[in-house]
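Notes for the one structure printed next.
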2 protein chains.
Amino acid sequence: MELSTIPQLFPAFEKELQREIQEQGEIRSFKSEEQLMRTGQYFRSTMLILNGLVKIYREDEEGNEFFMYYLQPGQACALSMVCAAEHKRSAIMAKAVKDTEIIAIPLQYMEEWMGKYKSWNHFVISTYRSRFEELLTTIDHIAFRGMDERLEFYLKKHQETMGANLITINHQEIANELNSSREVISRLLKKMEQFGKVKLHRNAIEIIQL
Amino acid sequence: MELSTIPQLFPAFEKELQREIQEQGEIRSFKSEEQLMRTGQYFRSTMLILNGLVKIYREDEEGNEFFMYYLQPGQACALSMVCAAEHKRSAIMAKAVKDTEIIAIPLQYMEEWMGKYKSWNHFVISTYRSRFEELLTTIDHIAFRGMDERLEFYLKKHQETMGANLITINHQEIANELNSSREVISRLLKKMEQFGKVKLHRNAIEIIQL
DNA sequence: TTCAATAGGTGACGAAGGTCACAATAAGGA
DNA sequence: TCCTTATTGTGACCTTCGTCACCTATTGAA
């Protein structure tokens with residue numbers, strides 16, 4: 001990647017800020033399936049996604065994980081901002097779903113830039129905003145919807161984010177991400193197949209009509 | 001209230017900012033039970049709570065409401081910030097639970113002050129932060145916990161926020177706020193009474209031991 | 001090709017929680 | 001006091017979902 005991608009991904013940032021990011025930020029690479037953040041971890045930096053794709057999960061004490069939203073290139077992890085700023089443990093887990101590169105911004109710069117660069121300030125705030133809305137949507141689903149609707153929504157999100165109609169995932173993983181069980185997901189998928197919404201394959205689900 | 005309370009409630013704000021708030025902000029009063037914000041409404045201002053107490057709810061299309069968190073004097077509604085800034089409809093509902101006064105800050109100042117006053121900037125960001133955490137806690141509860149635990153948590157929050165062991169509320173209202181049904185809440189409360197955790201009265205619940 | 005591992009299918013069952021019907025108890029007016 | 005209304009209690013029943021047991025199908029390595 002290097003010198004070209006920062007201006008491309010963050011065109012709204014001042015030239016000077018783009019330069020500082022490149023100077024002070026530390027690039028880290030993660031293989032697909034690798035964890036970027038673990039629940040309980042402390043942060044001394046926030047992370048901007050350069051390429052790849054990241055999923056954000058909430059975990060409980062028993063290790064149940066619960067998928068909340070995707071992070072794409074050009075976005076930042078709002079939680080890493082919260083945690084770094086408040087010196088708190090991470091309450092979430094982040095996992096790469098493709099090979100992913102991020103750039104880690106140390107806390108000190110993150111704060112310094114807030115006063116120094118308008119665009120950074122705006123970026124931080126709009127990151128909070130958009131994640132706030134994602135969380136509200138998530139709450140809607142688990143509070144008001146049944147597993148069938150949640151599964152459809154999950155597949156739809158996956159489809160949009162990946163830009164593909166063939167989702168390569170198995171039932172067990174979906175169950176984990178929705179905090180449900182494999183059998184339930186299998187049954188619901190079967191029903192969706194009967195309604196012509198999807199076509200089931202081994203290790204893959206083909207979206208027909210959602 | 002008037003000229004004294006702003007410095008008291010927002011001591012971190014610059015004198016000049018406190019003055020501007022008083023000049024540009026519009027004070028509004030709400031009786032207990034009155035709605036401050038409705039789902040679907042547009043905002044042109046954000047609101048700071050001066051006194052009283054406000055509850056924030058998520059609503060779905062069928063009018064089910066779902067309690068998320070309290071707002072107390074000295075706090076701001078993060079959602080009104082999001083909505084005002086993005087010119088979006090409100091996705092939440094706010095209701096006064098005591099007689100409440102707020103001060104409404106028009107969008108233009110809210111944005112102007114972001115650059116002008118460090119303390120305002122910090123206030124906005126820390127408002128997002130704390131509400132973010134509240135939402136995560138809420139998600140935890142509905143994703144991982146049963147109704148029994150959620151009810152206990154609900155009562156505990158109520159107790160802490162009101163600073164009283166006697167909660168005047170009926171079972172139906174609790175059910176609404178937890179998006180459950182009256183019978184379920186009645187049964188769970190009965191069970192809690194048998195365990196000596198609460199004592200039930202008409203229109204009131206007395207907290208013994210949670 | 002054989003076998004073990006992985007993925008998915010299915011029936012039985014139980015627990016949590018929602019719904020319905022209706023009884024029992026206040027509380028508050030007329 | 002008597003009647004109406006609001007609140008709470010309770011049993012019966014249903015749906016959704018989680019769990020268990022066990023089966024079948026696919027795949028890939030030995």
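In what follows, chains are A, B, ... by sequence order, proteins preceding strands, each numbered from 1. Note that this is a predicted model, so its numbers are computed, not measured.
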Nucleic acid contacts of residues 188-210 of chain B, taken as heavy-atom distances under 4.0 Å to DNA chain C: B:R202
Going by heavy atoms closer than 4.0 Å, what residues in residues 168-183 of chain A are next to DNA chain C? A:N170, A:H171, A:R182, A:E183
Please set out all donor-acceptor pairs under 3.5 angstrom arising from side-chain atoms of residues 140-151 of chain B, sequence neighbours excluded.
from: B:D140; atom 1: OD1; to: A:R58; atom 2: NE; distance (Å): 2.7
from: B:D140; atom 1: OD2; to: A:R58; atom 2: NH2; distance (Å): 3.1
from: B:H141; atom 1: ND1; to: B:T137; atom 2: O; distance (Å): 2.8
from: B:R145; atom 1: NH2; to: A:E61; atom 2: OE1; distance (Å): 2.7
from: B:R145; atom 1: NH2; to: A:E61; atom 2: OE2; distance (Å): 3.2
from: B:R150; atom 1: NH2; to: B:L178; atom 2: O; distance (Å): 2.9

Show, in sequence, the C-alpha distance, side-chain angles and deciding distance for B:H201 and B:E206, and conclude whether the side chain to side chain contact (heavy atoms under 4.5 Å, CB included) test is met. CA-CA 7 Å; B:H201 307 271; B:E206 191 184 340; 2.7 Å; yes
Between A:Y69 and A:K55, is there a cation-pi geometry (under 6.0 Å to ring centre, at most 45° from the normal)? no
Using a strict 4.0 Å threshold on nitrogen-to-oxygen distance, state whether A:R38 and A:E59 make a salt bridge. no
Look at A:K190 together with A:E193 and state whether they make a salt bridge at an N to O cut-off of under 4.0 Å. yes
Span of DNA chain D in contact with chain A (heavy atoms, under 4.0 Å): D:dC17 to D:dT27
B:E149 has an atom CD; how far is it from atom P of C:dG17, in whole Å? 10 Å
With the threshold set at 4.0 Å, does a side-chain nitrogen-carboxylate oxygen contact exist between A:R131 and A:E134? yes
Side-chain contact, heavy-atom cut-off 4.5 Å: A:T100 with A:S29? no
Taking the side chain as every heavy atom from C-beta outward, state whether A:I174 and A:Y154 have any pair of such atoms under 4.5 Å apart. yes
Check the angle between the aromatic planes of A:F10 and A:F13 and answer parallel, tilted or perpendicular using the 30° and 60° thresholds. parallel
Could you label the plane-to-plane angle of the A:Y128 and B:F132 rings as parallel, tilted or perpendicular, counting under 30° as parallel and over 60° as perpendicular? perpendicular
Determine, for B:E152 against B:K197, whether the closest basic-nitrogen to carboxylate-oxygen distance falls under 4.0 angstrom. yes
Within residues 135-144 of chain A, find the residues that approach DNA chain D with a heavy atom at under 4.0 Å, and present them sorted by residue number. none
Quick one: salt bridge (Lys or Arg N to Asp or Glu O under 4.0 Å) partners of B:E33, sequence neighbours excluded? none
Say whether B:N176 and B:E65, considering side chains only, have a donor N or O and an acceptor N or O under 3.5 Å apart. no
Length of the line joining A:R187:CZ and C:dA7:P, which is rounded to integer Å: 19 Å
